[in-house]
2 protein chains.
Amino acid sequence: MKLKEFARQLGLSPTTVSRALSGYPEVSEKTRKRVAEEAVRLGYRPNINAVRLVTGRAGAIGVVMGRTGEFHFAEFMSGMAERLDGEDIDILVSPTTDRDLTDQVPLYGRLATSGRVDAVIVHSPKPNDERIALLHELGFPFLLHGRSETDVPHAWLDIDNESAVRRATSHLLDLGHRRIAMINGPEGRTFSLHRDKGYRDALEDRGIPFDPRLVTHGHFTDELGFRFARSFLEQTPRPTAFVAGSMMTALGVYRAVRSRGLVVGRDISVIAHDDVFPYLTADNMVPSLSATRSSMRAAGARAADLVLQLLAGRPATEIHELWPVELILRESTGPAPREAQS
Amino acid sequence: MKLKEFARQLGLSPTTVSRALSGYPEVSEKTRKRVAEEAVRLGYRPNINAVRLVTGRAGAIGVVMGRTGEFHFAEFMSGMAERLDGEDIDILVSPTTDRDLTDQVPLYGRLATSGRVDAVIVHSPKPNDERIALLHELGFPFLLHGRSETDVPHAWLDIDNESAVRRATSHLLDLGHRRIAMINGPEGRTFSLHRDKGYRDALEDRGIPFDPRLVTHGHFTDELGFRFARSFLEQTPRPTAFVAGSMMTALGVYRAVRSRGLVVGRDISVIAHDDVFPYLTADNMVPSLSATRSSMRAAGARAADLVLQLLAGRPATEIHELWPVELILRESTGPAPREAQS
DNA sequence: GCTTCGAGCCAAATCGTTTTAAATTTTTGT
DNA sequence: ACAAAAATTTAAAACGATTTGGCTCGAAGC
């Protein structure tokens, strides 16, 4: 059923019908109601592609998905989906096999200029991210999930990684730990730098010297968690506490600790960052995992919301949101063992 | 830059330019080459929405994403992305907050009739799935990831869950286990039924009676893995082996076993299904996890491929793929403890 | 009582392509 | 060298909506 035919059946012009359905003011309330009802009854719905052509709007928010199987990603998207349900806006996932961020830049360019999306969400930026520069240059609306240090004005949503890690580290220091190892995220990403800063600042507050041998970087996998933790535990003196970048990392750390015949929460304390996954909960681990916590799903929902605001005309420069992170203490953190204290 | 302007600059008609770029045969090779080169040089790209309007094609494959944070989902999509890279086809994720499958049916209807996608992928079907019936009725192309028992002809891709679980169970029986508990997926889904059948058949082959107290159903979370395993271990006589539905479930099972002071691989054997996640590998678990294994990412890539074939005109009735599942034995399975053997 | 105004509706232009059907040019056969 | 056939190219008609600008008609202003 097309507009023309539908309008004919109603005895109205296509113009009026279109306006009635779009909620324009110059159509009488009575007519609008009739049109709306008949549209449902006769099953008329505007052809989306015609609408897109004439309005220039795409009705979708773009997200680039790399080949790294980011488990966070699904949660974030699920949050977006939650917010977008009923909004008549979809999520368009643009495939890429490029591992390196820089190689992905042209893809963002194509996505922005292709007319397939109205805005994009940029994830895990570097401090000086080419994607941001490009999108700004193109004048294309985007929301940054994370932060960068560029002076290009833009909308962003981030969690306070720095403060989270600073508090986590401070807490370990309070418990008497002095050699605290950190398994951070991929090198070069802003959030990794923020976490690094939080870690260093906490040490500095107590006048404890920073030891580069206690910090590593890498993707959030159980494998790296295990390998890094194993190698840390071979040091003498060995660290008595770990700050882990993710739940998966924490799983690896737990295993490494156990494989050395040590006990998490007694011999070795562990704090990790928890994005709150429905399928893997810090509270259920044994021992339960102390964590800095912030819901990835909530971030996705809010991100979608902010993008909608952006598209509605709210200036990007107004959209800056820094979320606090909870620190939840459970059984995996305890006083530093006596013999290890200085 | 629009077609008209671009054509004018080339001294050709819009028609010829359009044909040249779309690779139609009735344009000379020389002209085609010139057009292609100039398009790159001048940066001309057809307006996607105009193309969509006139061709009726959407250039996207639809996927419905519920609010259950399925960690498999990201891997599957990532596989799709891998195959779709360079194809000029996107993945359109349609949000829903409806938990129940039946409630999602109208969404599939809207998606199919909205013109936003050319085909959809339907996940985790029930044996008699309303979504399949609807899509068939609408004559809309779709690929089923999983299987159903409907007589509606349709394309599908599935892994051989039944055989996988039968072999896993048989192997445990070979090792002398007699009380084998199974933590299956959500009730009602075809794959859960297939796994159930594989489990029962293996028992039947040895003349071992089926005990319903040894089977549970639920989502794939560490929490359920833990809770179910705990409660199984409270039975007397307790099971000596577990077949777990997922890696997350297995994590829970490991914890439950340890929390009872038992040792995985010695006191209790565990086999789980592994979808092959980059961030959580069966081989790295301690003890390493015996698993039935099939790559979710590969399935996503193949699914995208099959959808492409479907859209290219290959009959849906020809597209049936049943993937074998590897059984990989590691340290988590061992002989049944003496005292437990009958 | 005549003009002005606004509410409500409509005809036609527009968005930027693809594709049908026809026109032109080039090649081929004799 | 000429007609017929084949190879290129093109003008114009879709595709299905939104939107500009204009039209009609009754109410309000004076």
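Sequence lines set the chain letters: A, B, ... in the order given, protein chains first and strands last, and positions in each chain run from 1. FYI, side chains are in, hydrogens and waters are out, and symmetry mates aren't considered; it's all heavy atoms of this structure.
In summary, the side chains of A:Arg45 and B:Thr113 do present a donor paired with an acceptor at a separation below 3.5 Å, with no hydrogens or angles considered. If you check the side chains of A:Glu130 and A:Thr102, you find a donor sitting under 3.5 Å from an acceptor. Under 3.5 Å, the side chains of A:Arg297 and A:Ser295 contain no donor-acceptor pair of N or O atoms.
Using a 4.5 Å cut-off on side-chain heavy atoms (C-beta onward), A:Lys126 and A:Asn128 make no contact.
Residues passing the salt bridge (charged side-chain N to carboxylate O under 4.0 Å, His left out) test with A:Arg314, sequence neighbours excluded: A:Glu318. Legend: residues meeting side-chain hydrogen bond (donor to acceptor under 3.5 Å, both in side chains) with B:His154, ordered by chain and number and at least two apart, are absent.
Within a 6.0 Å sphere centred on CD of B:Glu137, other residues, nucleotides and ligands contribute 12 heavy atoms or fewer.
Annotation: the terminal axes of the helix from C:dG1-D:dC30 to C:dT30-D:dA1 meet at 40°, where each axis is the rotation carrying the C1' atoms of four end pairs onto the next four (5 pairs per end, rounded to 10°).
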Which pairs would a plain distance check flag for residues 18-28 of chain B, meaning a side-chain donor or acceptor within less than 3.5 Å of a matching protein atom at least two apart in sequence or in another chain?
from, atom 1, to, atom 2, distance (Å)
B:Ser22, OG, B:Ser18, O, 2.9
B:Ser28, OG, B:Thr31, N, 3.2
B:Ser28, OG, B:Thr31, OG1, 2.6

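Counting 5' to 3', DNA chain C first comes under 4.0 angstrom of a heavy atom of chain A and last does so at the ends given by C:dG8 to C:dG16.
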>> What verdict does the salt bridge (Lys or Arg N to Asp or Glu O under 4.0 Å) test give for A:Glu38 and A:Arg41, after you've listed the backbone C-alpha separation in whole Å, the side-chain angles of each residue and the deciding distance to 0.1 Å?
In response: CA-CA 5 Å; A:Glu38 290 294 284; A:Arg41 196 173 67 80; 2.9 Å; yes
>> Apply ring pair (Phe, Tyr, Trp, His ring centres under 6.0 Å) to residues B:Phe76 and B:His123 and explain how you reach the verdict.
In response: CA-CA 10 Å; B:Phe76 186 88; B:His123 285 273; 4.6 Å; yes
>> Output one letter per nucleotide in nucleotides 9-18 of chain D: B when a protein non-hydrogen atom lies under 4.0 Å from the base, S when only the sugar-phosphate is that close, - when neither is.
In response: BBBB--BBSB
